[in-house]
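Atoms considered below: every heavy atom in the structure, side chains included; atoms not considered: hydrogens, waters and symmetry mates. Note that the structure is a prediction, hence the values are computed from the model and not measured. All ligand and atom numbering here is 1-based and tracks the order in the structure.
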Amino acid sequence: MSHPNKKRLRRSMMFLNAQKPSLIKDPYLYGADSLMLDLEDAVAVTAKDTARFSLYQALKNVDYRGCERVVRINGLDTEYWKEDIRCCIAGGADVLRIPKTEDAKMVKAVEDAVLAAEREFERPEGSTLLMAALESAKGVMSAYEVCTSSERMIGIALSGGDYTKDLQTKITGTGVELMGARQQMIIAARAAGVQCFDTVWTDLDNLEGFRKEVMLIKDMGFDGKSIINPRQIPIVHEVFTPSMKEIIFSEKVIREIDSKRKEGIGVFTVDGKMIDIAFYDGAQRVIALAKASGVYKGEL
Ligand SMILES: CC(=O)SCCNC(=O)CCNC(=O)[C@H](O)C(C)(C)COP(=O)(O)OP(=O)(O)OC[C@H]1O[C@@H](n2cnc3c(N)ncnc32)[C@H](O)[C@@H]1OP(=O)(O)O
Ligand SMILES: O=C([O-])CC(=O)C(=O)O
Ligand SMILES: [Mg+2]
């Protein structure tokens, strides 16, 4: 099974609380690549049923205008997750985010419930995608097995709040406590051919610190970031969208490699930088990201 949306653009994945009907009505207006409607930690235990009901109504009745609808279900150690899944599939969610994922067995349990619900509500089998949040040392240690646990898996996301609790440290704002997890997760995701997303930044008014963190994770290779507030969207998009300078350089690299190959030349320079075939895929990736982000005006 290969799903057309498995690798779509997911620079910004914005959480919103499914408990508040006002929040989930028209949030696509903010322009995040994906919306993550939360049934888990943003929803008080006393409001789980009402949140699920308002989520179902929103999935059924709101036109999200192409914005991907991810739902974070409750954890597998709760009494809620099975009903969450039925409600998501009945409503037509695009992706389910599994919180606190520790191993492939947990993904398989969700996959079984999703397939049963797709049959029950007559949705195409395999149409619902999955992603897994890793929120513990054990989860991060299992990153590769989780990435390869299901054909439905789009990728893994670091969940720094719960993860640092498990590591017996805290979010410092410097990123030092998340370094090992980020490195291990991006390597696992790339080895498995799936996407990798960074954790939320909760220090809402510190937008400079946020920008630094986005730049760091972009340079590490991440595909995007979980976010919690519309103010964070333009920063993520600015950092993740290739600049005109990068686009023009990548075009030159692609064209020069194509033409030098015909002349039998393997290594040369572009704007004073050594280039050979090893740089081809990276340049193609910049152009693909520019196209997906809607900023490419060239002819490649
Ligand atoms: C550790 C974890 O588990 S993280 C995942 C769970 N957390 C969440 O889902 C939290 C999502 N975010 C939020 O609920 C809010 O942004 C808060 C509570 C953090 C801050 O709320 P506020 O102080 O109201 O933020 P702010 O003043 O920037 O809001 C501005 C506008 O954006 C809206 N807004 C804020 N956050 C969101 C959001 N995540 N999605 C959609 N709209 C939002 C507000 O409703 C407000 O709209 P209005 O001007 O029409 O009233
Ligand atoms: O997924 C996230 O980034 C939010 C979260 O649950 C956590 O930090 O524990
Ligand atoms: Mg968490």
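- Residue Glu135 has at least one N or O atom closer than 3.5 Å to an N or O atom of ligand 2.
- At a 3.5 angstrom cut-off on N or O pairs, Lys20 does not count as close to ligand 1.
- Taking a cutoff of 4.0 Å between a charged side-chain nitrogen and a carboxylate oxygen, Lys170 and Glu177 do not qualify as a salt bridge.
- Counted within 6.0 Å of CD on Glu263, heavy atoms from surrounding residues, nucleotides or ligands total more than 12; the atom is thus considered enclosed.
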Test side-chain hydrogen bond (donor to acceptor under 3.5 Å, both in side chains) applied to Arg69 and Tyr64, step by step: CA-CA 8 Å; Arg69 296 148 322 148; Tyr64 284 88; over 6 Å; no

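- Atom 14 (O) of ligand 1 has as its closest protein heavy atom Leu23 CD1, 4.4 Å.
- No donor-acceptor pair closer than 3.5 Å links the side chain of Arg86 to the backbone N or O of Glu120.
- By the 3.5 Å distance cut-off applied to N or O atoms, Glu40 is not counted among the residues near ligand 2.
- Taking atom 48 (P) of ligand 1 as the reference point, the nearest protein heavy-atom neighbour is Tyr30 OH, 4.8 Å.
- Between the side chain of Glu251 and the backbone N or O of Leu300, no donor-acceptor pair lies under 3.5 Å.
- Atoms of ligand 1 found under 4.0 Å from any heavy atom of Ala42 (numbered from 1 in listed order, with element): 6 (C), 7 (N), 8 (C), 9 (O).
- Contact check for Met14 versus Gln232: no side-chain heavy atoms found under the 4.5 Å cut-off.
- When atom types are taken as modelled, the side chain of Arg123 and the backbone of Ile89 share a donor-acceptor pair closer than 3.5 angstrom.
- Residue contacts with ligand 1 for Arg231 involve side-chain atoms from C-beta outward but no N, CA, C or O (heavy atoms, distance under 4.0 Å).
- Apart from Phe53 itself, the hydrophobic cluster it occupies contains nothing, where clustering links Ile, Leu, Val, Met, Phe, Trp and Tyr at side-chain heavy-atom distances under 4.5 Å.
- Every heavy atom of Lys165 sits 4.0 Å or more from the atoms of ligand 2.
- Of the possible donor and acceptor atoms, none in the side chain of Asp166 sits under 3.5 Å from a partner among the backbone N and O of Glu135.
- Put simply, atom 50 (O) of ligand 1 has no protein non-hydrogen atoms near it, under 4.0 Å away.
- Nearest to atom 35 (C) of ligand 1 by heavy-atom distance, out of Pro230, Pro99, Ser22, Ser226, is Pro230.
- A cation-pi arrangement is present between Arg261 and Tyr280, with the terminal nitrogen or guanidinium carbon under 6.0 Å from the aromatic centre and inside a 45° cone about the axis.
- With ligand atoms numbered from 1 in the order given, ligand 2 contributes 1 (O), 2 (C) to contacts under 4.0 Å with heavy atoms of Arg97.
- No side-chain donor-acceptor contact under 3.5 Å links Ser226 to the backbone of Val200.
- Using a non-hydrogen distance threshold of 4.0 Å, Gly161 does not register as a contact of ligand 1.
- With respect to Lys48 and Glu83, no salt bridge is recorded, no charged nitrogen being found less than 4.0 Å from a carboxylate O.
- The protein heavy-atom contact nearest to atom 40 (N) of ligand 1 is Met14 CE, 3.3 Å.
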Audit row: Met220, Cys196, side chain to side chain contact (heavy atoms under 4.5 Å, CB included) steps and yes/no: CA-CA 10 Å; Met220 289 185 81; Cys196 196; over 6 Å; no

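- The closest donor-acceptor contact from the side chain of Ser54 to the backbone of Ala18 lies under 3.5 Å.
- Close approach to Asp38 involves these atoms of ligand 1, each under 4.0 Å from a residue heavy atom: 6 (C).
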Residues Asp41, Arg72; criterion side chain to side chain contact (heavy atoms under 4.5 Å, CB included); working and verdict: CA-CA 9 Å; Asp41 285 353; Arg72 180 164 76 167; 3.9 Å; yes

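- Not close to ligand 2: Ala157, with no non-hydrogen atom less than 4.0 angstrom away.
- Heavy atoms of Arg72 found under 4.0 angstrom from ligand 2 belong exclusively to the side chain.
- Summarising the contacts of atom 38 (C) of ligand 1 with Trp201, Phe15, Tyr28, the nearest heavy atom is found in Phe15.
- Under a 4.0 angstrom heavy-atom cut-off, Leu158 registers as being in contact with ligand 2.
- Interface atoms of ligand 2 facing Gly161, defined by a heavy-atom separation under 4.0 Å, are 7 (C), 8 (O), 9 (O).
- For atom 3 (O) of ligand 1, the protein comes within 4.0 Å by at least one heavy atom.
- Side-chain atoms of Ser293 and Phe240, non-hydrogen and from C-beta on, never get closer than 4.5 Å to each other.
- Listed by chain and number, Glu135 OE1, Asp162 OD2 are the protein N/O/S atoms closer than 2.8 Å to the Mg ion (ligand 3), with waters left out.
- Contact annotation: Leu204 has at least one heavy atom less than 4.0 Å from an atom of ligand 1.
- Here is the list of ligand 2 atoms found below 4.0 Å of a heavy atom in Asp162: 7 (C), 8 (O), 9 (O).
- Around atom 13 (C) of ligand 1, the closest heavy atom drawn from Ile233, Asn229, Ile228 belongs to Ile228.
- A donor-acceptor contact shorter than 3.5 Å is absent between the side chain of Glu151 and the backbone of His3.
- The shortest distance between side-chain heavy atoms of Val43 and Asn17 falls below 4.5 Å.
- Contacts of Ser159 with ligand 2, taken as heavy-atom pairs under 4.0 Å, involve both backbone and side chain.
- Residue-ligand proximity: Arg72 is placed with a non-hydrogen atom under 4.0 Å from ligand 1.
- The nearest protein heavy atom to atom 23 (O) of ligand 1 is not closer than 4.0 Å.
- When every heavy atom of Leu178 is checked against every heavy atom of Ile171, the shortest pair comes out as CD1-CD1, 4.3 Å.
- The ligand atoms of ligand 2 that sit less than 4.0 angstrom from a heavy atom of Thr199 are 2 (C), 3 (O), 8 (O).
- One option in Val200, Thr202, Ile228 has a heavy atom closer to atom 4 (C) of ligand 2 than any other, and that option is Val200.
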